[in-house]
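Computed from heavy atoms alone, side chains included, the values below leave out hydrogens, waters and symmetry copies. Computed from a predicted model, the values in this text were never measured in an experiment. Counting from 1, the numbers follow the sequence of the chain as shown.
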Amino acid sequence: MRLSDFRLDVRPLRHRDYRLLLGSGVITMFGSFITLVAVPFQLKLLTGSYVAVGVVGVVELVPMILSGLWGGAIADAADRRRVVLWCEAGMAVCAGGLLVNALLPSPAVWPLYVVAGAVAALDGLQRPSLDALIPRLIPRDELTAANAVQALRYQIGAIAGPAVGGVLVVSAGVQVAYAIDVATFLASIALLYALRPVPPSEHAERPSLAAVARGARYAWSRPELLGTYFVDLAAMFLAMPMALFPFVADALHARWALGLLYAAPTIGSLVISLTSGWTSRVHHHGRAVLIAAGVWGLAIAGFGLAPGIWAALALLAVAGGADMVSGLFRSTIWNQTIPDHLRGRLAGIELLSYSIGPTAGQLRSGLMAGWVGLRPAIVVGGLLCSGVVAACAPLMPGFTRYDARTDPHRQAAEASATAAASP
């Protein structure tokens, strides 16, 4: 490979509406990741309990499942821009609720759980429309590049947000963190409002349980899609120790590095994004996902054994890079092979696959840490992840053999998109 093959492909930035969507995401991610640090930090201060922090994942789980599936049906039947805009406004109100509670003389614990559930529901409604927007804004041959650029957007927020959030919550308090989150939501709403309408396709179905079921049957008929869902669920459920980061910082005598623990995985994924030009030369996407998920598990196990903060941060960066590789190829399979009239519903299923795992994984890590201790909970989870992923390769041959050059679903989706775009 040449050095130029590792450069970030920025072709998607030529398209106006994609730039607006990207800008909105950069801004809102920054504030949301500050809050991601502030909520468990505030819960730790108010309760001092592993389980109380881990329970946030349970509170988010049911609303995310229900709204994610329904949000997919809405994304196929409504103007996707409008859905994204209204959900963004709802999440701004939720951030305001956290701010009001934090300003009380004696902040309550229950509003943190209520807001976590409400944000999960709104995110579940919004994410399918957000994901399904991208194939409508750019050509299909730029989708892998767009996945990398979208990931870069996420990473900017995920690095800057936790780093700033870690400093803010310790030095200025959670009130300032929540106020910044409200401000970023308002700026994001202004950019989303400038997007052009994105009406549903001519084959759109009205939102219904039957429409959701048809989307699920389509996903079940595609072994390569099932592989992406299962591998990601297993990796995140078994090896997602984020709820334990405040306790890891204390155990390593590095409370000052709390924000860096949240940011470190994203630093690794940022390196992958910035050098992602090589990804367009990979065609066996299923194999790439399996390898990356295995590396993720091993790196998390190493994180649990790290003797000091710098080794811990380095191993989290390796884990984040592996997760980024997995995410890039999973997104490419989804966006290149699913027809537009089903894209929203399948995005709802995808939301469940990459959200339920981390959400349930927070509970698993909290409960297991309370049972066997902090470090064993992290190490065992990482090793189990790599073992399960290794077992998946022979058990899912359709996923392992997937080749983007010859896949008939990709060819059919591209033909359908071409026909829809013609006069």
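- Of the possible polar contacts, one joining the Arg81 side chain to the Leu195 backbone as a donor-acceptor pair under 3.5 Å is found.
- In this structure, CZ on Arg217 lies 11.0 Å from CG on Leu342, to the nearest 0.5 angstrom.
- Residues Leu258 and Pro246 form a side-chain contact, since some pair of their non-hydrogen atoms from C-beta on lies under 4.5 Å apart.
- Contact of the Val248 side chain with the Ile378 side chain is registered, since non-hydrogen atoms from C-beta on lie closer than 4.5 Å.
- Under the rule for a side chain to side chain contact (heavy atoms under 4.5 Å, CB included), the partners of Trp86 that lie at least two apart in sequence or sit in another chain are Arg82.
- Between the side chain of Arg14 and the backbone N or O of Arg11 there is at least one donor-acceptor pair closer than 3.5 Å.
- Within the 4.5 Å cutoff, side-chain heavy atoms of Leu21 are placed close to those of Ile134.
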**Prompt:** Given the rule in the side-chain contact (heavy atoms from CB on, under 4.5 Å) test, do Leu261 and Phe303 qualify, once you have shown the distances and angles that lead to the verdict?
**Reply:** CA-CA 11 Å; Leu261 287 173; Phe303 165 68; 4.2 Å; yes
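- Listed for the Ser171 side chain is a donor-acceptor partner under 3.5 Å among the backbone atoms of Val167.
- Of all heavy-atom pairs spanning Pro63 and Gly117, the tightest one is CB-O, 3.5 Å.
- Here the side chain of Arg345 pairs no donor or acceptor atom with the backbone of Val212 at under 3.5 angstrom.
- Judged by distance alone, with hydrogens and angles left aside, the side-chain atoms of Tyr18 form a donor-acceptor pair with the main-chain N or O of Ala146 at under 3.5 Å.
- Side chains of Leu112 and Leu46 form a contact here, defined as non-hydrogen atoms less than 4.5 Å apart.
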**Asked** Is there a side-chain contact (heavy atoms from CB on, under 4.5 Å) between Cys392 and Leu290 once you walk through the steps?
**Response** CA-CA 8 Å; Cys392 286; Leu290 287 168; 4.0 Å; yes
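- Remark: Leu226 CG to Phe399 CZ distance equals 10.0 Å, nearest 0.5 Å.
- Taking all atoms of both residues into account, the shortest heavy-atom contact from Ala219 to Ile349 is CB-CD1, 4.0 Å.
- With a 4.5 Å cut-off on side-chain heavy atoms, Asn101 and Gln42 count as touching.
- Defined by atom type and a distance below 3.5 Å, a donor-acceptor pair is present between the side-chain atoms of Thr228 and Trp334.
- Thr275 places a side-chain N or O within donor-acceptor distance of the main-chain N or O of Val271, the cut-off being under 3.5 Å.
- With 3.5 Å as the limit, one finds a donor-acceptor pair spanning the side chains of Ser326 and Arg330.
- At distances below 3.5 Å, at least one donor-acceptor pair connects side-chain atoms of Ser221 with backbone N or O atoms of Tyr218.
- Each of Leu186, Thr184, Leu22 was evaluated against Ile27; a single residue qualifies, Thr184, per the side-chain contact (heavy atoms from CB on, under 4.5 Å) test.
- Closest of all the heavy-atom pairs between Asp181 and Ala95 is OD2-CB, 3.7 Å.
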**Item:** side-chain contact (heavy atoms from CB on, under 4.5 Å) evaluation trace for Leu43 with Val109
**Value:** CA-CA 7 Å; Leu43 277 171; Val109 171; 3.8 Å; yes
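- Minimum heavy-atom separation, Asp123 to Met91: N-SD, 4.4 Å.
- Residues that satisfy the salt bridge (Lys or Arg N to Asp or Glu O under 4.0 Å) test with Arg214, not counting sequence neighbours, are Glu205.
- For Phe245 and Tyr262, the gap between ring centers is short of 6.0 Å.
- Residue Ala234 comes nearest to Val388 through the heavy atom pair CB-CG1, 3.9 Å, listed as atom of the first residue, atom of the second, then distance.
- If you run side-chain contact (heavy atoms from CB on, under 4.5 Å) between Val39 and each of Ile34, Leu98, Val169, Val174, only Leu98 comes through.
- Rounding to the nearest 0.5 Å gives a distance of 11.0 Å between NE2 of His284 and CD1 of Ile291.
- Side-chain contact check for Leu168 versus Ile180: some heavy-atom pair is nearer than 4.5 Å.
- Separation of atoms SG (Cys87) and CG (Leu122) is listed at 5.5 Å; rounding is to 0.5 Å.
- Looking only at distances, no side-chain donor or acceptor of Ser129 sits under 3.5 Å from a matching main-chain atom of Val83.
- The two residues Ala264 and Leu316 come nearest to each other via the heavy atoms CB-CB, 3.8 Å.
- Of the inter-residue distances, the one linking Ile338 atom CD1 with Leu225 atom CG reads 5.0 Å to the nearest 0.5 angstrom.
- Judged as a salt bridge (Lys or Arg N to Asp or Glu O under 4.0 Å), and not counting sequence neighbours, Arg19 has no contacts.
- Around the CH2 atom of Trp256, the shell of radius 6.0 Å holds more than 12 heavy atoms that belong to other residues, nucleotides or ligands.
- Here the side chains of Val295 and Val325 are not in contact, with every heavy-atom distance at 4.5 Å or above.
- Looking at Gln175, its side chain never comes within 3.5 Å of a backbone N or O of Leu103 through a donor-acceptor pair.
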**Prompt:** Does the pair Thr266 and Met324 meet the rule for a side-chain contact (heavy atoms from CB on, under 4.5 Å), with working shown?
**Reply:** CA-CA 9 Å; Thr266 312; Met324 180 64 215; over 6 Å; no
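- In this structure, the separation between CZ on Arg80 and CG on Asp131 is 10.5 Å, given to the nearest 0.5 Å.
- Judged purely by atom type and a 3.5 angstrom limit, Ser386 uses its side chain to pair as donor or acceptor with the backbone of Leu298.
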